[in-house]
Amino acid sequence: LATAVSAGICAANYLAAKPKFALAGCAVCSMLTVGAVLRKSVSLAGFTLLLAFFFAGATLARLESRAGPGNSIQDLIEPRRVVTITGVLDGPPEFARDRLHLTLRVERISSEGSEMGVLAPFRTAESGRDFDTLQLRYGARINVRTTLDRTGNYRNPGVSALSEYLDRRDFDATGIVKSPGSIIRLDDTAVFRPLAKLYEWRERLQREIDSRFAPETAGVLDAALLGNRYNLSPGASERFREGGTFHVLVISG
């Protein structure tokens, strides 16, 4: 199967077909595979399954090779350049003890669909309360004054670059805001209400966990139950890594 996918990826480099044709081939071969299995024709099912994976590889390769927008956020990144961005929160705020992580779908300075991550540190308890008054939630439209970055300094040797991490998460850049005054709350956009309610319940549950357990225990529970790894203490993270069970926190969350 891996060979079939690889062959499809290689073939896509020499074919000018649109992704929809490769996707149609994958769908047709998948249906033929199901039919062959129902008829207990093992050889035919194996052949059509390989073809389905071949077309799947070609589809992914064609999608990956499509040119992105020319005016992406990455084109605007300059050291210490302050920009003002208008965008919509594309997920729930991720609360840590001294900071807030936001995922922003940018609307103004780049093409629609580009995303960036924003880190808002809490320098004092008062600043944390100021962030709360902004009522940042999934679907909120905000203005952010920040600087953009994709480099990531002071990393240990052998650690993957920040740009690779951002690409895996489909982020164009990261930014840091130094005070609540750098964020202006505008309005709310239409969102999928059941998902928004789920995010609200998740936030309330995290606050309950953080208030009822010791910080190290709460960090593990936040990661394992809610997928928020920002509260993990360095000691807890290292023990899970040494024991080969760090994936329990990542995947289960």
Side-chain angles (χ1 to χ4, degrees), residues 73 82-109 114-149 165-166 169-237 249-250 252-253:
I73 294 177
V82 179
V83 295
T84 300
I85 299 171
T86 300
V88 177
L89 294 186
D90 203 30
E94 295 286 0
F95 292 91
R97 293 182 182 85
D98 59 350
R99 60 198 184 280
L100 183 66
H101 295 260
L102 306 174
T103 300
L104 191 66
R105 187 177 71 248
V106 178
E107 294 179 332
R108 288 285 175 87
I109 68 168
S114 297
E115 291 195 349
M116 65 172 291
V118 177
L119 172 63
F122 300 159
R123 299 190 181 277
T124 63
E126 183 179 355
S127 66
R129 289 191 293 269
D130 290 339
F131 278 114
D132 288 338
T133 60
L134 290 173
Q135 297 183 349
L136 301 177
R137 57 176 175 264
Y138 171 53
R141 179 177 281 109
I142 58 176
N143 273 345
V144 180
R145 183 175 174 82
T146 184
T147 56
L148 304 178
D149 186 28
Y165 168 78
L166 296 177
R169 300 195 60 182
D170 291 329
F171 286 173
D172 284 315
T174 62
I176 298 179
V177 297
K178 297 182 178 180
S179 69
S182 300
I183 299 178
I184 299 176
R185 182 74 151 78
L186 300 178
D187 55 9
D188 292 309
T189 61
V191 296
F192 184 53
R193 291 307 303 168
L195 183 58
K197 288 293 184 182
L198 182 63
Y199 286 151
E200 292 174 6
W201 174 82
R202 177 178 181 267
E203 179 182 336
R204 291 198 302 270
L205 182 57
Q206 181 180 341
R207 292 183 184 275
E208 285 290 324
I209 290 175
D210 294 347
S211 65
R212 293 175 181 269
F213 293 91
E216 184 161 321
T217 302
V220 173
L221 291 175
D222 288 342
L225 300 178
L226 305 178
N228 184 338
R229 290 180 285 163
Y230 297 118
N231 284 328
L232 276 174
S233 67
S237 299
L249 298 180
V250 179
S252 62

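- Between Arg145 atom CZ and Ser182 atom OG the span is 7.5 Å, to the nearest 0.5 Å.
- In the displayed structure, Arg202 atom CZ is contacted under 6.0 Å by more than 12 heavy atoms of other residues, nucleotides or ligands.
- Applying the ring pair (Phe, Tyr, Trp, His ring centres under 6.0 Å) definition to pairs two or more places apart or across chains, those involving residues 183-237 are His101-Tyr230, Tyr138-Tyr199.
- Side-chain contact between Val177 and Ile183 is present, with at least one heavy-atom pair separated by less than 4.5 Å.
- The closest donor-acceptor contact from the side chain of Asp222 to the backbone of Gly227 lies at 3.5 Å or more, if one exists at all.
- By the side chain to side chain donor-acceptor pair (under 3.5 Å) test, Glu203 pairs with Arg207, sequence neighbours left out.
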Would you list the atom pairs, donor with acceptor, under 3.5 Å between side chains in residues 82-90 and any protein atom, with sequence neighbours excluded?
| residue | atom | partner | partner atom | Å |
| --- | --- | --- | --- | --- |
| Thr86 | OG1 | Asn143 | OD1 | 2.4 |
| Asp90 | OD1 | Arg105 | NH1 | 3.0 |

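- Atom CD1 of Ile176 has 12 or fewer heavy atoms from other residues, nucleotides or ligands within 6.0 Å.
- The CG atom of Leu102 lies 12.5 Å from the OG1 atom of Thr174; values are rounded to the nearest 0.5 Å.
- The shortest heavy-atom contact between Leu136 and Pro93 is O-CG, 3.2 Å.
- Under the 4.0 Å criterion applied to side-chain N and carboxylate O atoms, Glu208 and Arg212 are assigned as salt-bridge partners.
- Between Pro180 and Leu134 the shortest heavy-atom distance is O-CD1, 4.2 Å.
- Summarising the geometry, atom CD belonging to Glu94 is positioned 4.5 Å from atom CG belonging to Asn228; distances are rounded to the nearest 0.5 Å.
- Atom CD of residue Glu107 and atom CG of residue Leu186 lie 9.0 Å apart, to the nearest 0.5 angstrom.
- Looking at residues two or more places apart in sequence or on another chain, you find no side chain to side chain donor-acceptor pair (under 3.5 Å) involving Glu200.
- The side-chain hydrogen bond (donor to acceptor under 3.5 Å, both in side chains) analysis of residues 187-196, with sequence neighbours excluded, yields the pairs Arg137-Asp188, Arg141-Asp187, Arg185-Asp188.
- One finds the CG atom of Asn231 at 5.5 Å from the CD atom of Gln206 (value rounded to the nearest 0.5 Å).
- Taking CG from Leu221 and CG from Asp210, the interatomic distance works out to 9.0 Å, rounded to the nearest 0.5 Å.
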